[in-house]
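None of these values were measured; they are calculated from a predicted model. First listed ligand is number 1; within each ligand, the first listed atom is number 1.
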Amino acid sequence: MTATFAYEIRRLRGEDELTAALELRHAVFCVEQGVPEREELDGRDREGVHLVAVSEDGQVLATCRLLMIGATAQFSRLAVRADARRRGIASALLDLADAETRDLGGRRLVLHAQTYARELYEQAGYCPRGRVFWEAGIEHIAMEKHLY
Ligand SMILES: CC(C)(COP(=O)(O)OP(=O)(O)OC[C@H]1O[C@@H](n2cnc3c(N)ncnc32)[C@H](O)[C@@H]1OP(=O)(O)O)[C@@H](O)C(=O)NCCC(=O)NCCS
């Protein structure tokens, strides 16, 4: 039987949720995908706006980060807990990222997509830019979305 997840998508609240989001990122990027910790933790988490999916019982099921550089939002660190995937949570976070970017005065979002997940971003309105490249040992492609 497939488990159901009731959750809310919103900005991260407080230190406990930040800790939980960083733990989820460590589990997904460092443990699951083999990204070195020094690359996962780039020292910019205090500058960013973090968005999360939180279950009814308060668990952080997914997380991502926005960094504003002028009118451009750099979207990164999207991680969904393994047992919560393919339920639309990442897509919902991408929708909220658009709204947050608008609220922050941004007109464009950019990201480095792992190529296996490219369709996720294309469905959310992102277009690829340039050639594939390797980052943290994983194949990526730059993508962007203009907000109108
Ligand atoms: C990639 C990831 C964020 C997707 O999260 P998710 O909540 O499962 O995504 P969604 O349910 O919103 O998926 C929406 C669509 O994206 C695409 N997609 C999602 N996961 C995919 C995968 N593993 N492979 C290929 N396409 C995928 C599909 O088109 C999917 O639609 P469908 O389920 O109807 O086929 C999640 O698998 C994850 O955390 N992976 C490990 C970390 C990672 O790779 N982060 C992204 C870095 S760019």
Quiz prompt | Side chain, backbone, both or neither: F75 near ligand 1, heavy atoms under 4.0 Å | solution = neither

Practice problem: Describe, in one word, how the ring planes of F133 and H140 are oriented to each other, choosing from parallel (under 30°), tilted (30 to 60°) and perpendicular (over 60°). | Solution: parallel

Self-check item: Which residue and heavy atom of the protein sit nearest atom 39 (O) of ligand 1, plus the separation
Solution: V80 N, 2.8 Å

Quiz item: Hey, are the side chains of Y121 and L78 touching, using non-hydrogen atoms and a 4.5 Å cut-off?
Solution: yes

Quiz item: What atoms of ligand 1 come closer than 4.0 angstrom to any heavy atom of E119?
Solution: 29 (O)

Practice problem: Name the closest protein heavy atom to atom 12 (O) of ligand 1, giving the residue it belongs to and the distance to 0.1 Å. | Solution: S91 OG, 2.7 Å

Exercise. Please could you name the atoms of ligand 1 that V28 approaches to less than 4.0 Å, counting only its heavy atoms?
Key: 41 (C), 42 (C)

Exercise. Report the nearest protein non-hydrogen atom to atom 47 (C) of ligand 1: residue, atom name, distance rounded to 0.1 Å.
Key: Q114 NE2, 3.6 Å

Exercise. Give a yes-or-no answer on whether the side chains of Q33 and Q114 include a donor-acceptor pair shorter than 3.5 Å.
Key: yes

Quiz item: Is the shortest distance from atom 34 (O) of ligand 1 to a protein heavy atom below 4.0 Å?
Solution: no

Quiz item: With distance as the sole criterion, is a donor-acceptor pair present between the side chains of Q74 and R65 under 3.5 Å?
Solution: no

Exercise. Using a cut-off of 6.0 Å, state whether more than 12 heavy atoms not belonging to R85 lie near its atom CZ.
Key: yes

Self-check item: Same apolar cluster: V52 and I89, side chain cutoff 4.5 Å
Solution: no

Practice problem: Determine, using heavy atoms of R118 and all atoms of ligand 1, whether some pair is separated by less than 4.0 Å. | Solution: no

Quiz prompt | ligand 1 atoms in contact with A79 (distance to a heavy atom under 4.0 Å) | solution = 39 (O)

Quiz prompt | Exceeds 12 heavy-atom contacts within 6.0 angstrom, atom CD of E47 | solution = yes

Practice problem: Can you sort out which atoms of ligand 1 are near Q33, meaning under 4.0 Å from one of its heavy atoms? | Solution: 41 (C), 42 (C), 43 (C), 44 (O)

Self-check item: For atom 8 (O) of ligand 1, closest protein heavy-atom neighbour
Solution: R86 N, 2.7 Å

Quiz item: Which residue and non-hydrogen atom of the protein lie closest to atom 13 (O) of ligand 1, and at what distance in Å?
Solution: L120 CD1, 3.8 Å

Exercise. Quick one: look up the protein heavy atom nearest atom 15 (C) of ligand 1 and list residue, atom name and how far away it is.
Key: Q123 OE1, 3.6 Å

Quiz item: For atom 37 (O) of ligand 1, which protein heavy atom lies nearest, and how many Å away is it?
Solution: R85 CD, 3.3 Å

Quiz item: If you take all heavy atoms of I141 and G130, which pair is closest and at what distance?
Solution: CD1-O, 3.7 Å

Quiz item: Does atom 2 (C) of ligand 1 have any protein heavy atom closer than 4.0 Å?
Solution: no

Quiz item: Does any N or O atom in E32 lie less than 3.5 angstrom from one in ligand 1, N or O only?
Solution: no

Quiz item: If every non-hydrogen atom of A73 is compared with every non-hydrogen atom of T101, which pair is closest and at what distance?
Solution: CB-OG1, 3.5 Å

Quiz item: Are V54 and V28 connected, step by step, through hydrophobic side chains (Ile, Leu, Val, Met, Phe, Trp, Tyr) whose heavy atoms are closer than 4.5 Å?
Solution: yes

Quiz prompt | Side chain, backbone, both or neither: the part of L78 lying under 4.0 Å from ligand 1 by heavy atom | solution = both

Self-check item: Residues R44 and D42 bridged, charged N to O under 4.0 Å
Solution: no

Quiz item: Can you check whether A90 has an N/O within less than 3.5 Å of an N/O in ligand 1?
Solution: yes

Self-check item: Heteroatom proximity flag, G88 to ligand 1, N/O under 3.5 Å
Solution: yes

Self-check item: Taking atom 25 (C) of ligand 1 as the reference point, the nearest protein heavy atom with its distance
Solution: Y116 O, 3.4 Å

Exercise. Could you tell me which atoms of ligand 1, counted from 1 in the order shown, lie closer than 4.0 angstrom to a heavy atom of R87?
Key: 11 (O)

Quiz item: For the residue pair L93 and A62, what are the closest heavy atoms and their distance?
Solution: CD1-CB, 3.7 Å

Quiz item: Is Y121 close to ligand 1, meaning an N/O of one under 3.5 Å from an N/O of the other?
Solution: no

Quiz item: Salt-bridged, R10 to E17, with N to O below 4.0 Å?
Solution: yes

